[in-house]
Amino acid sequence: RICVITLAEAHPLLQSGKTIKNINYQISANCSRLQNKVSGKSKRTCLFIFQIQGAQFLTELAPLCRISSSDGEEYTIYSCIRGRLIEVNENILSNPALLQEKPSTEGYIAVVLPKFEESKSITQGLLTQKEYEEVLLKRRSSAS
């Protein structure tokens, strides 16, 4: 039921061989994702129920971080999902290459917990790996 936010394999930072210069979780003068402080507990019943306090609430269009590459390009990474920000990956601040070398594991960007009642509709709208690859093929063929 949690969502791990990563760079898509088609993201320009993973496709173009660019070098990541900087990752910034400071979204605005008053908002830093690094200041997200989560506390809570889970109760075990038939389902895991998390009681989360202090986590920042994100909408689909909420920026998580900004990534700068050595060629001067800057990419804003958005949540793409509504929910509570559980964790940001501070390891990528000191080792930005993790985003490119291990984007699906140690190079994740953040962890978001969607509202329980919305989690089913979210997962129903996701693409399978095969569907995603088909979208990429169509995108590449229309660009050429």
Side-chain angles (χ1 to χ4, degrees), residues 1-42 47-144:
R1 190 170 100 69
I2 63 168
C3 296
V4 180
I5 311 296
T6 66
L7 288 179
E9 61 186 61
H11 194 281
L13 284 167
L14 299 180
Q15 293 298 311
S16 62
K18 295 182 178 195
T19 303
I20 296 174
K21 182 176 137 185
N22 182 35
I23 301 163
N24 191 351
Y25 283 111
Q26 186 75 37
I27 301 309
S28 68
N30 297 324
C31 180
S32 171
R33 300 298 181 209
L34 291 173
Q35 293 174 340
N36 188 61
K37 300 295 178 212
V38 178
S39 64
K41 59 184 176 180
S42 66
L47 300 170
F48 281 103
I49 300 172
F50 292 91
Q51 296 177 339
I52 305 294
Q53 297 175 346
Q56 296 173 10
F57 184 79
L58 304 171
T59 65
E60 299 92 327
L61 300 176
L64 288 171
C65 67
R66 291 189 175 80
I67 303 172
S68 302
S69 63
S70 56
D71 66 358
E73 288 284 330
E74 184 175 89
Y75 302 91
T76 301
I77 307 301
Y78 296 92
S79 172
C80 299
I81 192 163
R82 288 170 35 94
R84 298 269 178 201
L85 179 62
I86 301 302
E87 173 184 330
V88 294
N89 185 1
E90 294 185 37
N91 293 330
I92 61 175
L93 296 173
S94 58
N95 189 0
L98 285 173
L99 278 172
Q100 294 166 310
E101 294 168 3
K102 299 180 179 184
S104 298
T105 56
E106 296 168 49
Y108 72 96
I109 295 167
V111 177
V112 177
L113 180 67
K115 286 185 174 182
F116 181 76
E117 53 274 8
E118 293 179 10
S119 59
K120 186 174 183 178
S121 64
I122 291 167
T123 54
Q124 288 175 339
L126 296 176
L127 299 176
T128 65
Q129 181 69 28
K130 184 178 180 184
E131 291 169 333
Y132 176 68
E133 289 168 359
E134 289 171 2
V135 168
L136 292 180
L137 276 174
K138 287 179 188 175
R139 190 182 296 167
R140 288 181 190 128
S141 64
S142 67
S144 51

Student: What's the spacing between Lys21 NZ and Glu73 CD if we round to 0.5 Å?
Tutor: 12.0 Å

Student: Taking Arg33 for the side chain and Pro63 for the main chain, is one N or O donor matched with an acceptor at less than 3.5 Å?
Tutor: yes

Student: For residues 93-102, please give each side-chain donor-acceptor pair under 3.5 Å, one per line with the distance, not counting sequence neighbours.
Tutor:
unit_1 : atom_1 : unit_2 : atom_2 : d
Ser94  : OG     : Asn91  : O      : 3.3
Gln100 : NE2    : Leu13  : O      : 3.0
Gln100 : NE2    : Lys18  : O      : 2.5
Lys102 : NZ     : Glu106 : OE2    : 3.1

Student: To the nearest 0.5 Å, tell me how far Gln26 CD sits from Cys31 SG.
Tutor: 7.5 Å

Student: With rounding to the nearest 0.5 Å, note down the distance linking CD in Gln129 to CD in Glu133.
Tutor: 4.5 Å

Student: Could you give the distance from OG (Ser142) to CG (Leu137), rounded to the nearest 0.5 Å?
Tutor: 10.5 Å

Student: Can you give me the closest heavy-atom contact between Ser104 and Thr6, atom names plus distance?
Tutor: CA-CG2, 4.2 Å

Student: Keeping to residues at least two apart or across chains, list the ring-ring contact (aromatic ring centres under 6.0 Å, His included) pairs with something in residues 76-105.
Tutor: none

Student: Looking only at non-hydrogen atoms, find the nearest pair between Ala55 and Arg84 and report the distance.
Tutor: O-NH1, 3.1 Å

Student: Within the supplied structure, the quantity of interest is the number of heavy atoms (other residues, nucleotides, ligands) at a distance under 6.0 Å from Asn30 CG; does it exceed 12?
Tutor: no

Student: Heavy atoms only: give me the nearest Ile5-Ser79 pair and the separation to one decimal.
Tutor: CD1-O, 3.5 Å

Student: Hey, does the side chain of Gln56 reach the backbone of Ser32 with a donor-acceptor pair shorter than 3.5 angstrom?
Tutor: yes

Student: Testing the basics here: between Leu64 and Ala110, what is the closest heavy-atom pair and its distance to 0.1 Å?
Tutor: CD1-CB, 4.2 Å

Student: Between NE2 of His11 and OH of Tyr75, what distance do you get to the nearest 0.5 Å?
Tutor: 6.5 Å

Student: With distance as the sole test, does Arg82 use its side chain to make a donor-acceptor pair with the main-chain N or O of Pro114 at under 3.5 Å?
Tutor: no

Student: By side chain to side chain donor-acceptor pair (under 3.5 Å), which residues pair with Tyr108, not counting sequence neighbours?
Tutor: Glu87

Student: Give me the atom names and distance for the closest heavy-atom approach of Glu131 to Leu126.
Tutor: OE1-O, 4.1 Å

Student: Looking at side-chain heavy atoms only, is the closest gap between Leu34 and Val88 below 4.5 Å?
Tutor: yes

Student: Can you tell me how far the CD1 atom of Ile109 sits from the CG atom of Asn89, to the nearest 0.5 Å?
Tutor: 9.0 Å

Student: Going by side chain to side chain contact (heavy atoms under 4.5 Å, CB included), Ile67 matches just one of Thr76, Ile77, Ile92. Which one?
Tutor: Ile77

Student: Indicate yes or no for a side-chain donor-acceptor contact from Tyr25 to the backbone of Gln35 under 3.5 Å, with no hydrogens or angles considered.
Tutor: no

Student: Do you know the tightest heavy-atom contact between Leu136 and Ala10?
Tutor: CD2-CB, 3.3 Å

Student: Would you mind reporting whether Arg66 and Ile27 have side-chain heavy atoms less than 4.5 Å apart?
Tutor: yes

